[in-house]
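First up is the structure itself, then whatever we jot down about it.
Counting starts at 1 for both ligands and their atoms, in listed order. Note that the structure is a prediction, hence the values are computed from the model and not measured. Residue indices begin at 1 and follow the sequence shown.
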Amino acid sequence: MQRRNVIVVGAGPVGTVAALACARLGLSVLLLEEKDRIDDSPRASTTQPPTLEILAELGLIDEYLRVGLVSRTFQFWDRPTLTLVAEFDFARLAGETAFPFVVQTEQHKLANMALAQLEDARMGTRVTGLSQDENGVRVFTEDQSYAADYVIGADGGRSTVRKSLGIAFEGYTWPERFLVITTRFDFQAALGCCLRNYMADPQEWTNLFKVAGDDLKGRWRAVYNTREDETDEEALSDAAVRARLSRIHVPESQRDYLHLNLYAVHQRVAKRFRKGRVFLCGDAAHVNNPIGGLGLNSGIHEAWHLANLLKSGGDLDSYERIRRPLNIKYVQEQTIANKKRLEERDPAQRAKRFDELRAMADDAKRHKAFLMRAALLERS
Ligand SMILES: Cc1cc2nc3c(=O)[nH]c(=O)nc-3n(C[C@H](O)[C@H](O)[C@H](O)COP(=O)(O)OP(=O)(O)OC[C@H]3O[C@@H](n4cnc5c(N)ncnc54)[C@H](O)[C@@H]3O)c2cc1C
C-alpha cells in the first residue's frame with residue numbers, strides 16, 4: 001500500500017490549505033473529507049493580512065482577490081444612537097505587510113480553490129479513527145485504511161482525530177447563539193457604514209459585513225446575538241428575523257432575506273495540539289466566537305507553519321509550544337474582549353470603552369498597535 005508523507009483529515013479551509021502547502025513543499029499528501037463537496041454555508045470570510053501573505057506564497061492570491069472584496073477600514077458604532085464611534089484604517093500597516101487591508105472572501109471559495117490544485121483528495125471518505133507507533137500512522141475510514149508518516153487533523157470543532165487521541169477540548173460554550181441574516185439590502189448606502197462594522201448595543205448588538213457572493217453581485221451578512229432564553233425556532237421565525245432587520249433600519253419593504261444561519265458559539269482550546277505523529281490544526285484545535293475574524297485566520301497560519309515544519313524536519317514539539325499560547329493570547333483573549341465591548345450593559349463602562357476606542361483611533365501609534373494585534377501581525 002502506498003504510504004504518504006502526510007494525510008490531512010478534513011477539507012475545510014484549513015485542511016485544504018494544509019494539504020496544498022504540503023504538496024507545494026514537495027511532500028506526498030492525501031486529503032480525506034467525509035462530505036461529497038465543500039460546505040458552502042455562510043461562515044467565515046474576513047481574511048487578515050498575514051493570511052493573505054500565505055495565500056500569495058501558495059499562488060492563490062489573484063483569484064482570491066478577484067472573488068472577494070477588499071476592505072481597508074473597519075468601524076465601531078453605537079447602535080442605539082446609530083453614531084460612528086471610531087474607524088480603524090489598515091493603511092496604517094503599510095510597511096508591515098504587503099497587504100495592508102483585509103479581504104472579505106467566503107471560506108468555501110478558498111477551500112474550493114485549494115482543492116482544485118490537489119492531486120490526491122478523496123471526498124465522501126469519512127475517517128473513523130487512527131492508530132500510531134514510532135514508525136508511522138494508520139488512518140481508518142469506513143472501508144479501508146491509509147498509511148502516513150504524519151497526520152494533520154483539520155476536521156473541525158467536533159474533530160474525530162482529536163477525540164480518537166483522547167485530547168480534552170477545554171473551555172466553555174456561550175449561553176446565547178449567533179444568528180446570521182444574509183440579505184441584499186445595501187447597508188453602506190443606507191447607513192453610511194463601511195464593509196466591516198461592529199455595532200454595540202446593550203440589548204442586542206449587530207455586526208454588518210459585505211461579501212461578494214458566488215455571483216459577485218454583493219450581499220450583506222448581519223450578525224446578531226440571540227437572547228439567552230430565545231429558542232432556535234423563535235430566532236429563526238420570519239417575524240423575529242424581520243423585527244431584527246427593522247432594528248437596524250431596514251425599511252419594511254426591503255426585509256426579505258436570502259439565508260439564515262443560527263449557531264452555537266464556543267471558546268475552547270485543545271489541551272494538546274500534537275500527540276506523537278498526529279497534529280491538530282484549525283477548529284479541531286480551537287474554537288472561538290467570530291467577532292474580529294480571527295479563528296479561521298489562525299488556523300491557516302497553523303497549517304502553513306506545520307507544513308513547513310514537516311518539510312524541514314525541525315523540532316516538532318515547537319508546533320504546540322508556539323501555536324497553543326498564540327491562540328490563547330491573541331485569538332481567545334481578543335475575541336472575548338471584542339464580544340464584551342459589543343454587549344457592555346453598564347452605561348459608565350460603555351462610555352469608557354467608546355472613549356478608549358476614540359482615543360486609540362486618534363493616536364497614530366496606538367492606532368497602529370491596535371491593528372497589529374487585531375490583524376494577528378503582532379506575533380504571527
Ligand atoms: C455554523 C458556523 C458559522 C460560522 N460563522 C463564522 C463567521 O461568521 N465568521 C467567522 O470568522 N467564523 C465563523 N465560523 C467559524 C469558521 O467557519 C471556522 O473557524 C472554520 O470553518 C474553520 O475551518 P476548519 O477547516 O478548521 O474546519 P471546518 O471548516 O469545520 O472543516 C472541517 C472539515 O472536516 C470534515 N470532517 C469532519 N469530520 C470528518 C471525518 N471524520 N472524516 C473526514 N472529514 C471530516 C468536515 O466535513 C469539514 O469539511 C463559523 C462556524 C460555524 C460552524
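- Of the residues listed (Gln203, Glu176, Glu234), the one engaging Arg227 in a side chain to side chain donor-acceptor pair (under 3.5 Å) is Glu234, and it is the only one.
- Scanning the protein for heavy atoms near atom 47 (O) of ligand 1, the closest one is Glu33 OE2, 2.7 Å.
- In this structure, the protein non-hydrogen atom closest to atom 12 (N) of ligand 1 is Ala44 CB, 3.4 Å.
- Here the protein heavy atom with the shortest distance to atom 26 (O) of ligand 1 is Asp283 N, 2.9 Å.
- The number of heavy atoms from other shown groups lying within 6.0 Å of CG (Asn135) is above 12.
- Neither the backbone nor the side chain of Ala284 comes within contact range of ligand 1; no heavy atom lies under 4.0 Å.
- Counting only N and O atoms by type, the side chains of Ser145 and Arg138 include a donor and acceptor under 3.5 Å apart.
- Pro13 CD, 3.5 Å is the protein heavy atom nearest to atom 29 (O) of ligand 1.
- Using modelled atom types, one finds no donor on one side chain facing an acceptor on the other under 3.5 Å when comparing Arg323 with Ser298.
- Under the 4.0 angstrom criterion for non-hydrogen atoms, Gly299 is not in contact with ligand 1.
- Protein heavy atom closest to atom 51 (C) of ligand 1, with residue, atom name and distance, is Arg43 NE, 3.4 Å.
- A salt bridge is defined here as a Lys NZ or Arg NE, NH1 or NH2 lying under 4.0 Å from an Asp or Glu carboxylate O, and Lys352 with Asp355 fails to meet this definition.
- Any N or O atom pair closer than 3.5 Å counts here, and Glu34 shares at least one such pair with ligand 1.
- The shortest N or O to N or O distance between Asn261 and ligand 1 is not below 3.5 Å.
- Taking the six-membered ring for Trp, Phe187 and Phe209 have ring centres at least 6.0 Å apart.
- Under the 3.5 Å distance criterion, with hydrogens and angles disregarded, a donor-acceptor pair is assigned to the side chains of Gln117 and Arg24.
- Scanning the protein for heavy atoms near atom 5 (N) of ligand 1, the closest one is Tyr263 OH, 3.3 Å.
- Side-chain N/O atoms of Asn225 and Glu204 include no donor and acceptor closer than 3.5 Å.
- Two residues are said to be in side-chain contact when any heavy atoms from C-beta on lie closer than 4.5 Å; Leu52 and Phe101 meet this criterion.
- Distances between N or O atoms of Gly282 and those of ligand 1 include no value under 3.5 Å.
- For ligand 1, the polar-atom distance check against Val14 finds a nitrogen or oxygen pair separated by under 3.5 Å.
- Comparing Thr46, Val9, Ile291, Asp155 by heavy-atom distance to atom 36 (N) of ligand 1, the nearest is Asp155.
- At most 12 heavy atoms of other shown residues, nucleotides or ligands fall within 6.0 angstrom of atom CZ in Arg37.
- The heavy atom nearest to atom 32 (C) of ligand 1, considering only Ala154, Ala18, Gly15, Gly10, is found in Ala154.
- Defined by atom type and a distance below 3.5 Å, a donor-acceptor pair is present between the side-chain atoms of Ser28 and Asn5.
- The nearest protein atom to atom 41 (N) of ligand 1, hydrogens excluded, is given as Val127 O, 3.0 Å; this is a heavy-atom distance.
- Residue contacts with ligand 1: Thr125 is included, with a non-hydrogen atom under 4.0 Å away.
- Salt-bridge formation is detected for the pair Arg126/Glu142: a Lys NZ or Arg NE/NH1/NH2 atom is positioned less than 4.0 Å from an Asp or Glu carboxylate oxygen.
- Applying the 4.0 Å criterion to heavy atoms of Thr160 picks out, from ligand 1, the atoms 41 (N).
- Contacts with ligand 1 closer than 4.0 Å are made by side-chain heavy atoms of Gln107 only, the backbone lying farther away.
- Proximity to Gly12 (heavy-atom distance under 4.0 Å) selects the following atoms of ligand 1: 25 (O), 29 (O), 31 (O), 33 (C), 49 (O).
- Scanning the protein heavy atoms around atom 9 (N) of ligand 1, the nearest turns out to be Pro290 CB, 3.3 Å.
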